[in-house]
Amino acid sequence: GADESVDLVAYWLSHVHPQDAAAVDRYWNAMRSTGGYVQSRYRLVRDDGSTTSVQAQGLPVLDATGEANGYLVVVTDITAETELRARAEILSRLYATLSRVNAALILAQDERTVFEEVCRAIVDTGQFEQATVNTMDWTTRTTHLVHTQGAITIPEAFRVRSLDDPDAQSISSIVFLSGTTVVVDGLLSDERISPRIRNALRDGGVGAAAAVPLRCGARLAGSLSIVS
């Protein structure tokens, strides 16, 4: 999708995921310095903010004197394979988390303690990026952040949000509106999430997320969101 007048190497490097930039730099330097075959896996960020996992295999093209006068690089889209591996890893981590969550539910004395222990178990034991519990005030149709655990800083403006504000739609908003579990593979490109929320999450390097409804009897009282 690059313009023909654009430096292709610079264009490629500018689209490497920030968290993979150092590894790609090592890959590129290794190919140039060793003169041999190298292979690397990393992510590219598309112009719409979505990510593609790729495997790059490259080697220098030598002239008659043995000097490199170019590079042959084959890039293969391995997004589907990467997502399958990620799903298997997530399931493994969720199973490991369940035992701690069950223990927390048995020992907890009140609702807030339950939320705190569940979020802590998801992040510490499950090794997920973030876990957040939001509750819903159906009288005012506002969501309220009750507890969050993880490395992502949630701006104060997002801690209380109107369910009807199109500029404040998050994965928990979808749960409250649908009453069902929501799974998002590409959190930063899902148009159900408002651009304002996606931009706030972009620097955190998040990719996938899931949110489940929390019910008190028949009443939808809250949502638990997990970011990977």
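These values consider heavy atoms only, across backbone and side chains, with no hydrogens, waters or symmetry-generated copies. Fair warning: this is a prediction, and the values are worked out from it, not measured in the lab.
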Intermediate values then yes/no, side-chain contact (heavy atoms from CB on, under 4.5 Å), Leu163 and Thr142
CA-CA 5 Å; Leu163 188 61; Thr142 54; over 6 Å; no
Verify side-chain contact (heavy atoms from CB on, under 4.5 Å) between Gln130 and Thr148, making sure each step is shown before the conclusion.
CA-CA 7 Å; Gln130 194 88 7; Thr148 188; 2.8 Å; yes
Dump the intermediate steps for side-chain contact (heavy atoms from CB on, under 4.5 Å) on Val227 and Phe128, then the final yes or no.
CA-CA 6 Å; Val227 174; Phe128 289 93; over 6 Å; no
Assess whether side-chain contact (heavy atoms from CB on, under 4.5 Å) is satisfied between Leu145 and Ile154, documenting all intermediate values.
CA-CA 10 Å; Leu145 189 150; Ile154 298 180; 3.5 Å; yes
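Residues Ser225 and Ile171 share a closest heavy-atom pair of OG-CG2, 3.7 Å. The minimum heavy-atom distance linking Val175 with Ser223 is given by the pair CG1-CB, 3.9 Å. Residue Tyr27 comes nearest to Ala56 through the heavy atom pair OH-CB, 3.6 Å, listed as atom of the first residue, atom of the second, then distance. The minimum heavy-atom distance linking Phe158 with Arg196 is given by the pair CE2-NE, 3.4 Å. Nearest heavy atoms, Phe176 versus Trp138: O-CH2, 3.6 Å. Between Gln169 and Ser162, the shortest heavy-atom contact is NE2-O, 4.2 Å.
To the nearest 0.5 Å, atom OG of residue Ser172 and atom NE2 of residue His144 are 11.5 Å apart. If you take CD1 on Ile197 and CZ on Arg161, they are separated by 5.0 Å, rounding to the nearest 0.5 Å. Annotation: the span from Asn134 atom CG to Phe115 atom CZ amounts to 10.0 Å, rounded to 0.5 Å. Note that CG of Asp165 and OG of Ser173 are 9.0 Å apart. Values are rounded to the nearest 0.5 Å. Summarising the geometry, atom CG belonging to Leu224 is positioned 4.5 Å from atom CD1 belonging to Ile122; distances are rounded to the nearest 0.5 Å. Rounded to the nearest 0.5 angstrom, Leu44 CG and His15 NE2 are separated by 8.5 Å.
Without hydrogens or angle criteria, Asn29 side chain to Asp25 main chain gives a donor-acceptor distance under 3.5 Å.
When each of Thr51, Thr52, Asp20 is paired with Arg43, the side chain to side chain donor-acceptor pair (under 3.5 Å) condition holds for Asp20 and for no other. Partner of Val212 under the side-chain contact (heavy atoms from CB on, under 4.5 Å) criterion, chosen from Val182, Thr180, Thr181: Thr181.
Around atom CZ of Arg46, no more than 12 heavy atoms belonging to other residues, nucleotides or ligands sit under 6.0 Å away.
For the residue pair Ser50 / Asp48, a side-chain donor-acceptor distance below 3.5 Å is found, with atom types taken as modelled.
Ile78 forms part of no hydrophobic cluster, judged by ILVMFWY side-chain heavy-atom separations under 4.5 Å.
By the rule that hydrophobic residues join a cluster once side-chain heavy atoms approach within less than 4.5 Å of another member, Met136 and Leu220 end up as members of one cluster. Both Ile226 and Leu214 belong to a common hydrophobic cluster when Ile, Leu, Val, Met, Phe, Trp and Tyr are linked at side-chain heavy-atom distances under 4.5 angstrom.
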